[in-house]
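This is a predicted model, so every value here is computed, not measured. So that the names make sense, note that chain A is the first sequence line, chain B the second, and so on, each numbered from 1.
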There are 2 protein chains.
Amino acid sequence: MKPMTIGRLSSAAKVKVTTIRYYESIGLMGTPDRSASGQRLYGSVDVERLSFVRHARELGFSMDAIKDLIGLQTEPDQDCSAVDTIAQKQLAEVQKRLAQLEALERELKRMIENCRGGKVGGCQVMAAINDHSECETDKHERLKPL
Amino acid sequence: MKPMTIGRLSSAAKVKVTTIRYYESIGLMGTPDRSASGQRLYGSVDVERLSFVRHARELGFSMDAIKDLIGLQTEPDQDCSAVDTIAQKQLAEVQKRLAQLEALERELKRMIENCRGGKVGGCQVMAAINDHSECETDKHERLKPL
DNA sequence: ATACAGTCTACAGCGACTGTAGGGGCAAGT
DNA sequence: ACTTGCCCCTACAGTCGCTGTAGACTGTAT
């Protein structure tokens, strides 16, 4: 099979061209061969690796975690527990975030429920944001952006 | 009541000193009075405003949305529906994110479930990340970081 | 031959902060 | 009066995971 340019790799792995170059710059993709004129050339191995990265990103793994996973992938005789640990950690984070967002959803619903129209001066949504005395989310650490 | 320094405001509103200065720089907090030696001086109004911002951030509102809310707050005679709209939009985002995270949780659980130990070479977690053919999360847009 | 899409490098920008460097200010204790 | 030690100041760089821009070159189709 003959090599493909970065654009082909991009559409094969569904990762943008600029992102691929970025991944290369942070050492996630290794330095590819180049054509005589300097264009990057990739093979099917790269499609798989890049797809792996994309899917791991979709699962919310950090770049660091992905680097670790790739490192482990290249040593197939090693014990599987390291992989499991990373995945467990990721699940724990997801579940923590879920709990936060559920609390958020409840509070937003409550706020909106209480808003029966009228003027901003008496708006219950504004009041609810102001009054955080009995607020669930205060107990949590600061939330990451949505 | 006499004015307080930025540190007092920080602990009163539970927002870090550096973050307060950042909020000032992006026009969220207005320019405070200064002491003779140039230190920022705040009053209780600022505690309330800053607490409002903090709580809105905890609810996941973007800075832009918060700016809008503050703008509306200063016009108490306006119709409340603008506030309601912002809150509704926020709720919709939270619910979308919740759905994504729930899909993620299912997939991570499935991956970990299938991992019965052994070597990385046969690890089902790695296989699951590689094989995204039947994967739920592929249907979603790319996820924001956790 | 020309047009146009694709590729290259290098660097700036996003959001919402956080951290650092290098200084000046202020109240309490000795 | 002096020192200790925390608080405050500005200005700028760094974080994460990219995205966008500028300006030049390459490859392909008509």
Of the listed C:dA16, D:dC9, C:dT9, the closest approach to the B:Ser62 side chain comes from C:dA16
Between CG of A:Asp64 and P of D:dT15 the distance, given in whole Å, is 12 Å
From CD1 of B:Ile20 across to P of D:dT10 the rounded distance in Å is 13 Å
Original post:
Can you check whether B:Tyr23 has a side-chain N or O nearer than 4.0 Å to OP1 or OP2 of C:dA16?
Top reply: no
Taking D:dT10, C:dC8, D:dC7 as options, the one with an atom nearest any side-chain atom of B:Arg40 is D:dT10
Tell me whether the OP1 or OP2 atom of D:dG27 has a side-chain N or O from A:Arg8 closer than 4.0 Å.
-> no
Open item on the list: When you group the ILVMFWY residues by side-chain heavy-atom contacts below 4.5 Å and let the links chain together, are A:Val15 and A:Ile26 in the same group?
Closed with: yes
From CD of B:Glu24 across to P of C:dA16 the rounded distance in Å is 18 Å
Separation between CZ (B:Arg8) and CG (B:Leu41), nearest 0.5 Å, reads 12.0 Å
Exam field: side chain A:Glu105 to backbone B:Leu91, donor-acceptor pair closer than 3.5 Å
no
From CD1 of B:Ile66 across to C1' of C:dA16 the rounded distance in Å is 10 Å
* Asked: Do the non-hydrogen side-chain atoms of B:Val83 and B:Gln73 ever get within less than 4.5 Å of each other?
  -> no
Between B:Leu104 and A:Leu59 the two heavy atoms that sit nearest each other are CD2-O, 3.6 Å
Checking D:dG17, C:dT7, C:dA16 against the side chain of A:Arg57 (C-beta onward), the nearest is D:dG17
Per atom distances to the A:Thr19 side chain, the nearest of D:dC18, C:dT7, C:dC17 is D:dC18
Please produce a list of atom pairs where a protein N or O lies less than 3.5 Å from an N or O of nucleotides 20-26 of chain D.
| from | atom 1 | to | atom 2 | distance (Å) |
| --- | --- | --- | --- | --- |
| D:dT26 | O3' | A:Ser37 | OG | 3.3 |

Which of C:dT7, C:dA16, D:dT10 is nearest the side chain of B:Tyr22? It is C:dA16
Open item on the list: Using a heavy-atom cut-off of 4.0 Å across all strands, would you classify A:Arg21 as base, sugar-phosphate, or nothing?
Closed with: base
A:Arg54 atom CZ is separated from D:dC18 atom P, nearest whole Å, by 12 Å
For the residue pair A:Leu50 and A:Leu28, establish whether any side-chain heavy-atom pair is separated by less than 4.5 Å.
no
In whole angstroms, the gap separating C1' of C:dG25 from CG of B:Leu41 amounts to 13 Å
B:Leu9 atom CG is separated from D:dC9 atom C1', nearest whole Å, by 16 Å
For residues 19-36 of chain A, the side-chain hydrogen bond (donor to acceptor under 3.5 Å, both in side chains) pairs (sequence neighbours left out) are A:Glu24-A:Arg40, A:Ser35-A:Ser37
